[in-house]
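All values below come from the heavy atoms of this structure, side chains included, with hydrogens, waters and symmetry mates left out. Keep in mind the model is a prediction, meaning the values are calculated, not measured.
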Amino acid sequence: MSDGASLADHVTISDAGPSLKKLSFDIPADAVDTQVRESFDAIADQVALPGFRAGRAPRGLIEKKFGSNVRDEARQKIVSEAYREAVEKHELRVVGDPVSEQLAGLEVEEGKGLAFDIEVEVLPEFELPATEGLEIKKPTMSVADEMVDAELDKICLNEGELEEREAPEAGDYISGHGVMRASGHDEPVHDIEGAVVQAPETDSGMILGVMVSDLKKQLGLPKPGESVTISAKGPDQHEVEAVRGADLEITWEVTRVDRVVRAEASAIAERGGFEDVDALKHRIRQQLEQRVVVEQQMAMRSQVARHLQEGTDFELPERLTARQAGRSLERQRMELMYRGVDANEIEEKLAELRTASDSSARRELKQFFVLAKVAEKLDVRVTEAEVNQRVYQLAAQNGVRPEQMRDHLMKNNQINQIAQQVLEHKALDAVIAKSTVEEVDEDAWKKLVEGWSKDD
């Protein structure tokens with residue numbers, strides 16, 4: 001306020017639930033009057049009413065013409081400033097958006113105080129388990145010839161050409177106009193011209209980002225000009241709230257059918273400037289060996305994350321948990337990109353993750369809070385150079401130029417997610433650096449993973 005008073009002096013803070021604070025404000029009349037006066041003075045300096053120069057119109061005329069809007073503006077300024085000052089003064093570590101059921105009907109009147117409540121979610125309070133002296137297993141991994149051949153086969157498929165077909169067979173791609181509707185909502189969730197679905201070779205399949213257990217039966221093998229309707233249940237962890245648990249109806253008007261004709265390995269080698277296919281395979285092996293290093297590090301990080309999860313116990317913010325689905329999927333997308341997983345495989349994996357249980361989303365959110373505290377404890381920070389380095393790494397693994405990868409991330413609002421990923425990885429690596437690391441062969445590692453899966 002202009003007189004230097006702090007609105008944070010008029011707030012009482014109490015617990016309202018897990019990691020939830022209730023801020024009860026009782027703003028005195030003089031503070032309200034000051035803000036209303038400032039708001040009227042501001043508009044009086046800006047507007048010119050008929051017969052009066054700007055800044056010279058009587059208060060009564062301004063009141064009559066702009067009174068309602070001015071009081072709304074004064075209310076918004078009082079509430080926002082009071083909230084901001086309270087958060088700063090009481091050092092609240094806010095993680096969610098403030099919520100109040102009272103503000104919509106709150107009216108400002110001169111000579112009267114203003115009372116309202118705001119609820120806000122804050123960082124949970126908990127103690128970390130040990131972050132030093134852990135016993136970590138590092139799996140030894142090698143790149144077999146079969147892995148190189150499989151990767152080359154995938155490249156041949158990805159670099160292949162589309163051959164238009166009159167009718168589809170299993171594995172072919174069916175393009176068309178896809179519309180997804182959710183029960184209880186008039187507007188479609190998705191309305192996409194040129195959407196693509198692959199005719200499933202097994203019973204289940206993905207369509208518009210949703211896994212359908214009997215897609216092969218429901219979709220059939222429609223020809224161009226035909227349409228089909230598919231029924232599905234919305235996954236509980238879908239990032240779009242309208243889809244969660246809803247009855248879905250997907251209509252698909254087929255416009256084109258294509259089959260991918262694999263490219264010849266020799267042609268790919270020639271286009272890539274390699275002497276022959278063996279030289280191309282050598283390059284593929286080098287890329288896979290780089291991925292092995294990433295997979296080994298991910299394996300060790302997962303053990304640290306597991307230790308931290310099991311060693312902490314706290315209640316999660318409920319509203320933030322309900323909104324976790326979208327963030328969890330984006331985090332998984334970044335992790336899969338970091339590991340060099342093919343784009344089509346990423347979309348299939350995300351579709352499967354949308355069907356995961358609520359407990360997995362809660363684990364993701366818990367890990368977010370735990371790693372934030374680890375980073376704070378170990379003074380882990382992220383620089384812009386490290387974010388740029390991760391972008392370059394993603395670009396190399398996905399076969400695109402760094403500027404293309406950055407543009408893609410920017411357009412999809414994923415740069416902040418990259419920074420968060422780097423922070424979490426650095427926090428986990430800082431714990432690994434203080435641990436005892438033992439190498440184990442692949443068979444021993446598989447047994448360990450199987451045992452963990454049973455425990456989960």
Worksheet, complete the sentence: Closest non-hydrogen contact found for Ala427 with Leu378 is O-CD1, 4.4 Å
Worksheet item: So, Lys154 and Glu345, do they make that salt bridge, N to O below 4.0 Å?
Response: yes
Worksheet entry | Gln303 side chain to Ala299 backbone, donor-acceptor under 3.5 Å | yes
Worksheet item: Side chains of Asp117 and Ser24: donor-acceptor distance under 3.5 Å anywhere?
Response: yes
Worksheet item: In Å and rounded to the nearest 0.5 Å, what is the CD to OG distance from Glu253 to Ser175?
Response: 13.5 Å
Worksheet entry | Sidechain-backbone polar pair: Asp214 side chain, Lys217 backbone, donor-acceptor under 3.5 Å | no
Worksheet item: Is it true that a side-chain atom of Arg75 and a backbone atom of Leu106 form a donor plus acceptor pair closer than 3.5 Å?
Response: yes
Discussion item. Please find the pair of heavy atoms, one from Pro222 and one from Val257, that lie closest to each other, and give the distance.
Written reply: O-CG2, 4.1 Å
Fill in: Donor-acceptor pair, side chain of Thr140 and main chain of Val440, under 3.5 angstrom
yes
Worksheet item: Between CD of Glu121 and CG of Leu92, what distance do you get to the nearest 0.5 Å?
Response: 13.0 Å
Item to complete: Determine, using ring centers only, whether Phe274 and His282 are less than 6.0 Å apart.
Response: no
Fill in: salt_bridge(Lys446, Glu442) N-O dist < 4.0 Å
no
Worksheet item: When you measure from the side chain of Gln309 to the backbone N and O of Arg363, does any donor-acceptor pair fall under 3.5 Å?
Response: yes
Discussion item. Looking at Arg244 and Asp236, is there a salt bridge between them, counting it only when a charged N and a carboxylate O are closer than 4.0 Å?
Written reply: no
Worksheet item: Side-chain donor-acceptor pair under 3.5 Å between His185 and Glu241, yes or no?
Response: no
Discussion item. Between Arg271 and Glu159, does the salt bridge (charged side-chain N to carboxylate O under 4.0 Å, His left out) criterion hold? Intermediate values first, please.
Written reply: CA-CA 11 Å; Arg271 287 201 300 267; Glu159 295 291 326; 3.8 Å; yes
Worksheet entry | Euclidean distance, Leu394 CG relative to Gln389 CD, rounded to 0.5 Å | 11.0 Å
Worksheet item: Salt bridge or not for Lys216 and Glu201, using N-O below 4.0 Å?
Response: no
Worksheet item: Less than 4.0 Å between a side-chain N and a carboxylate O, is that true for Arg93 and Glu91?
Response: no
Discussion item. Can a donor-acceptor pair be found, under 3.5 Å and without considering hydrogens, that links the side chain of His307 to the backbone of Ala130?
Written reply: yes
Worksheet item: Only one of Glu164, Glu169, Glu163 clears salt bridge (charged side-chain N to carboxylate O under 4.0 Å, His left out) with Arg259; which?
Response: Glu169
Discussion item. If you count heavy atoms of other groups shown closer than 6.0 angstrom to NZ of Lys349, is the number above 12?
Written reply: no
Discussion item. Within the 3.5 Å criterion, strictly below it, is a donor on Glu364 or Gln332 matched to an acceptor on the partner's side chain?
Written reply: yes
Discussion item. Check Asp247 with Lys233, please: is the shortest side-chain N to carboxylate O separation under 4.0 Å?
Written reply: yes
Discussion item. Would the distance check show the side chain of Glu151 and the main-chain N or O of Val148 forming a donor-acceptor pair, the cut-off being under 3.5 Å?
Written reply: no
Worksheet item: If you measure from the Lys or Arg side-chain nitrogens to the Asp or Glu carboxylate oxygens, is any gap between Arg339 and Glu295 under 4.0 Å?
Response: yes
Worksheet item: How far apart are the closest heavy atoms of Val391 and Pro402, and which atoms are they?
Response: CG1-O, 4.0 Å
Item to complete: Answer with yes or no whether the side chains of Gln286 and Gln290 bring together a donor and an acceptor at under 3.5 Å.
Response: no
Worksheet item: What closest approach, in Å, do Cys156 and Ile268 show between heavy atoms, and which atom pair accounts for it?
Response: CA-CD1, 3.6 Å
Worksheet entry | Whether Trp452 and Trp445 hold their rings parallel, tilted or perpendicular, with breakpoints at 30° and 60° | perpendicular
Response to the item:
Rounded to the nearest 0.5 angstrom, the CD-OG1 distance for Glu132 and Thr436 is 11.0 Å
Worksheet item: Is a side-chain donor-acceptor pair under 3.5 Å present for Gln421 with Arg390?
Response: yes
Practice prompt. Give a yes or no on whether Glu403 atom CD has more than 12 heavy-atom contacts from other residues, nucleotides or ligands under 6.0 Å away.
Written response: yes
Discussion item. How about CD on Glu264, more than 12 heavy atoms from neighbouring residues, nucleotides or ligands closer than 6.0 Å, or not?
Written reply: no
Worksheet item: Got more than 12 heavy atoms from elsewhere within 6.0 Å of CZ, Phe314?
Response: yes
Worksheet item: Is Glu161 salt-bridged to Arg262, cutoff N-O under 4.0 Å?
Response: no
Item to complete: Return the minimal non-hydrogen interatomic distance between Arg256 and Asp258, and the atom names on each side.
Response: NE-OD2, 2.7 Å
Worksheet item: Quick one: does Lys21's side chain have a donor or acceptor within less than 3.5 Å of a partner on Ile13's backbone?
Response: no
Practice prompt. State plainly whether the residues Asp15 and Lys22 are in salt-bridge range, i.e. N to O under 4.0 Å.
Written response: no
Worksheet item: Would Asp149 and Asp153 satisfy side-chain contact (heavy atoms from CB on, under 4.5 Å), going step by step from the backbone distance to the final call?
Response: CA-CA 6 Å; Asp149 291 338; Asp153 185 64; over 6 Å; no
Worksheet item: Would you call the rings of Tyr338 and His425 parallel, tilted or perpendicular if under 30° counts as parallel and over 60° as perpendicular?
Response: tilted
Worksheet item: Could you give the distance from CG (Leu114) to CG (Leu103), rounded to the nearest 0.5 Å?
Response: 9.0 Å
Item to complete: For Glu88 and Arg84, run salt bridge (charged side-chain N to carboxylate O under 4.0 Å, His left out): C-alpha distance rounded to whole Å, both residues' side-chain angles, the deciding distance at 0.1 Å, then the answer.
Response: CA-CA 6 Å; Glu88 292 178 358; Arg84 178 185 59 79; 3.4 Å; yes
Worksheet entry | Pairing of Lys281 and Asp145 as salt bridge, 4.0 angstrom limit | no
Worksheet item: Any donor and acceptor pair, going by atom type alone, linking the side chain of His238 with main-chain N or O of Val240 inside 3.5 Å?
Response: yes
Item to complete: Ignoring hydrogens and angles, tell me if any N or O in the side chain of Asp276 forms a donor-acceptor pair with the backbone of Asp278 under 3.5 Å.
Response: yes
Fill in: From Gln420 atom CD to Leu371 atom CG, the distance as rounded to the nearest 0.5 Å
8.0 Å
Discussion item. Is it the case that the side chains of Gln297 and Asp429 hold a donor-acceptor pair, with the cut-off being a distance below 3.5 Å and no angle test?
Written reply: yes
